[in-house]
Number of protein chains: 2
Amino acid sequence: MTVKSADAPSDTAVTAWARLLRTSQTLLAKVEHGLKQEGLPPLVWYDVLLELQGEKTGLRQFELQERMLLTQYNLSRLLDRIAAAGHLDRRPCPEDGRGQIYRITPSGRALLRKMWPVYRGLISEHFAEHLSESDCRSLARLLSKLPG
Amino acid sequence: MTVKSADAPSDTAVTAWARLLRTSQTLLAKVEHGLKQEGLPPLVWYDVLLELQGEKTGLRQFELQERMLLTQYNLSRLLDRIAAAGHLDRRPCPEDGRGQIYRITPSGRALLRKMWPVYRGLISEHFAEHLSESDCRSLARLLSKLPG
DNA sequence: ATTGATTTTATGCATATGCATCAACCTTGA
DNA sequence: TCAAGGTTGATGCATATGCATAAAATCAAT
């Protein structure tokens, strides 16, 4: 049986890895906290609505899943919640009786408009203000080398 | 009432932000999945045990909390679970009757030794192999500019 | 057409997390 | 000594997540 390569990463790599995990967890916590303080739903609601905003004809659940980092069962129940809050319209799919087509509602668009200024401010405060434009480009370039 | 600055971050910054979130979530999911596949506990167990490994005299819960990114109530229950699995020793603190002192047990050290090769391999596979040494140094330097 | 495999989605149950609150203890200052 | 306030940690309850599996529809191959 072949085993995947399990080379020891360099100390430099482990340091970078640890900092990546710690930084992203801290930033995410701060942003989620900031949204909650403003009485807004979690970031993942924003992501779902943003994906659907561009899709005039709506999307199936499995299509959303391909675009996002969520398990099937989590997405299923997340869509339940967002739809229950009135931000999604869920209608049966004519070509495939198994699924529904999800579309953003006017209320969902309004939520996006309400969340963005807050989200944007949090990105500035906790992220952008600490980096130069050149830093941002470098960071994006480095991250783009990684899977995902 | 004064309002926090809510400048619009540049497109470059938003792109870097989005990539940071997406990459770290993907990587974390892959590593957690890899650990689980080997029958090992989640990464946060490793983090707790690693913090305690260096502390001969043990740590209080609030000291661990300062070193880690966990809420008080989550840490409380996490320590319950790790201790229940036999990897932590929990004894009353003589100077402060409210708390206990947590110390890693031999079983905990064994778990660290068992997890590290797997964890190390996952860091290599999903992270280090995609970056040069110079990339890693640049990434760590950029991330160190951010809070956390 | 019919069968069998695959895809898509939902859900019961166990576990984990978030929030509010409580209990126990410590510290300070009269 | 005592009271008031702060710190440390645990927990009941609601919500969310993970896992396994079920249900329903589609697709492939005869």
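All chains are named by letter (A, B, ...) in the order of the sequence lines, taking the proteins before the strands, and each is independently numbered beginning at 1.
- With A:Glu55 as reference, A:Arg67 is the one residue of A:Arg103, A:Arg67, A:Arg60 to meet the salt bridge (charged side-chain N to carboxylate O under 4.0 Å, His left out) rule.
- Straight-line distance from the CD atom of A:Gln100 to the P atom of D:dA25: 12 Å, rounded to whole Å.
- Overall, the helix from C:dA1-D:dT30 to C:dA30-D:dT1 carries an axis bend of 20° between its ends, with five pairs at each end and the value rounded to 10°.
- The OH-P distance, from A:Tyr102 to C:dT8, rounds to 14 Å in whole Å.
- When distances are taken from the side chain of B:Thr71 to each of D:dG9, C:dG18, C:dT9, the shortest belongs to C:dG18.
- One can place CD of A:Glu32 at 16 Å from C1' of C:dC19, the figure rounded to the nearest angstrom.
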Requested in this report: List the steps, then state whether side chain to side chain contact (heavy atoms under 4.5 Å, CB included) holds for B:Ile82 with B:Tyr102.
Outcome: CA-CA 11 Å; B:Ile82 305 180; B:Tyr102 289 91; over 6 Å; no
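- The stretch residues 80-90 of chain A touches DNA chain D through A:Arg81, each having a heavy atom under 4.0 angstrom from the strand.
- Per the geometry, CD belonging to B:Gln37 stands 16 Å off P belonging to D:dG18, to the nearest Å.
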Under 3.5 Å, which protein N or O atoms sit close to an N or O of nucleotides 1-6 of chain D? Give each pair with its distance.
{"residue": "D:dG6", "atom": "N2", "partner": "B:Arg98", "partner atom": "NH1", "Å": "3.4"}

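- Residue B:Lys36 places at least one side-chain N or O closer than 4.0 Å to OP1 or OP2 of D:dC19.
- Taking atom CG of residue A:Leu75 and atom C1' of nucleotide C:dT11, one finds them 15 Å apart after rounding to whole Å.
- Residue B:Ser76 places no side-chain N or O under 4.0 Å from the OP1 or OP2 atom of D:dG9.
- Side-chain contact between B:Ile104 and B:Asp89 is absent, with no heavy-atom pair separated by less than 4.5 Å.
- Applying the 3.5 Å distance criterion, the base of C:dG18 shares a donor-acceptor pair with the side chain of B:Arg77.
- Judged purely by atom type and a 3.5 angstrom limit, B:Gln61 has no side-chain atom pairing as donor or acceptor with the backbone of B:Gln100.
- Put simply, the side chain of B:Thr23 never gets that close to the backbone of B:Leu20: no donor and acceptor are under 3.5 Å apart.
- Residue B:Tyr73 places no side-chain N or O under 4.0 Å from the OP1 or OP2 atom of D:dA10.
- The A:Asn74 side chain lies nearest to D:dG18 when the options are D:dA25, C:dC26, D:dG18.
- Distance A:Glu63 CD to C:dT9 C1': 14 Å, rounded to the nearest Å.
- Of the candidate nucleotides C:dA10, C:dT8, C:dA20, C:dA10 has the atom lying nearest to any side-chain atom of A:Gln61.
- No side-chain donor-acceptor contact under 3.5 Å links B:His87 and B:Thr105.
- Comparing B:Leu78 and B:Gln72 by the nucleotide of DNA chain C that holds the closest heavy atom to each, the one mapping nearer the 5' end is B:Leu78.
- You won't find any donor-acceptor pair under 3.5 Å spanning the side chain of B:Arg60 and the base of D:dG9, going by distance alone.
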